[in-house]
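What follows is a set of notes on a single structure, which appears directly below.
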Amino acid sequence: QVFMLTPDFSKYSLALFHGDDLIYSSDTKGLRPLFDCTQQYRGESGLILHDKVIGLAAAKLVVYSGIIREVMTMVASRPAKNFLEEHGIIIRASNIVANIMTKDRSAVCPGEVIALSTEVPSEFICGIKSMLNIQDEN
């Protein structure tokens with residue numbers, strides 16, 4: 001039987017579920033927790049993601065990870081929703097917005113800018129790693 005796990009964003013900003021089991025959660029904002037959990041659970045599949053905000057950068061991380069089949073969020077950008085649906089990922093969003101903006105609403109957030117300007121997955125991942133200040137180990 002499949003029952004909907006309702007996101008509890010008072011406990012986390014991001015959570016990853018394998019069936020009904022919470023396998024990862026974070027209360028850190030931004031793309032870093034999503035990047036970290038998609039790296040940590042590489043090779044898994046059919047996971048469910050609860051993330052407070054899903055912009056195109058987050059949507060691309062979800063798709064390129066290959067581990068997530070469904071996303072539940074408070075806010076998704078239109079490009080994010082379209083990208084996820086084009087790649088067969090279920091998205092349930094409370095609100096759909098044009099773009100994900102910076103906190104002060106003065107600009108489109110940096111992750112979105114990278115996601116909108118790169119078509120090649122490896123270039124996108126490079127841009128995100130650079131933005132998040134992640135160095136490759138090798």
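Of the possible donor and acceptor atoms, none in the side chain of D21 sits under 3.5 Å from a partner among the backbone N and O of I23. For T73 (side chain) and A76 (main-chain N/O), no donor-acceptor pair under 3.5 Å exists by modelled atom type. Judged by distance alone, with hydrogens and angles left aside, the side-chain atoms of S26 form no donor-acceptor pair with the main-chain N or O of A15 at under 3.5 Å. Side-chain atoms of T102 never come within 3.5 Å of backbone atoms of V108 as a donor-acceptor pair (strictly under, hydrogens ignored). At least one donor-acceptor pair under 3.5 Å links the side chain of D8 to the backbone N or O of S10. Not one N or O on the side chain of S130 forms a donor-acceptor pair closer than 3.5 Å with the backbone of C126.
Under the salt bridge (charged side-chain N to carboxylate O under 4.0 Å, His left out) criterion, D27 pairs with no residue at all, not counting sequence neighbours.
Two residues are said to be in side-chain contact when any heavy atoms from C-beta on lie closer than 4.5 Å; P33 and Y24 meet this criterion. Contact annotation: the side chain of E112 approaches that of S77 to within less than 4.5 Å [non-hydrogen atoms, C-beta and beyond]. Counting heavy atoms from C-beta outward, C37 and L14 have side chains that approach closer than 4.5 Å. Residues P79 and N82 form no side-chain contact, since every pair of their non-hydrogen atoms from C-beta on lies 4.5 Å or further apart. Contact of the I68 side chain with the L16 side chain is registered, since non-hydrogen atoms from C-beta on lie closer than 4.5 Å. At a threshold of 4.5 Å between non-hydrogen side-chain atoms, the residues K29 and K103 count as touching.
Rounding to the nearest 0.5 angstrom, the gap separating the CG atom in L31 from the CD1 atom in I100 is 10.0 Å. Once rounded to the nearest 0.5 Å, the distance linking NZ of K129 with CD1 of I134 reads 7.0 Å. Note that the CG atom of L49 and the CD1 atom of I67 stand 8.5 Å from one another [nearest 0.5 Å]. Between the CG atom in L47 and the OG atom in S65 there is a gap of 8.0 Å [rounded to 0.5 Å]. Atom OH of Y41 is separated from atom NE2 of H18 by 10.5 Å, given to the nearest 0.5 angstrom. Here CZ of F35 is found 10.0 Å from CE of M131. Values are rounded to the nearest 0.5 Å.
Of all the heavy atoms in R32 and L132, the pair that sits closest is NH1-O, 3.6 Å. The nearest pair of heavy atoms linking F9 to P7 is CE1-CB, 3.4 Å.
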Which donor-acceptor pairs under 3.5 Å do the side chains of residues 50-63 make with protein atoms, sequence neighbours left out?
| from | atom 1 | to | atom 2 | distance (Å) |
| --- | --- | --- | --- | --- |
| H50 | ND1 | Y12 | OH | 2.9 |
| K60 | NZ | A115 | O | 2.8 |
| K60 | NZ | T118 | O | 2.6 |

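Residues L84 and I96 do not share a hydrophobic cluster, defined by chaining ILVMFWY side chains whose heavy atoms lie under 4.5 Å apart.
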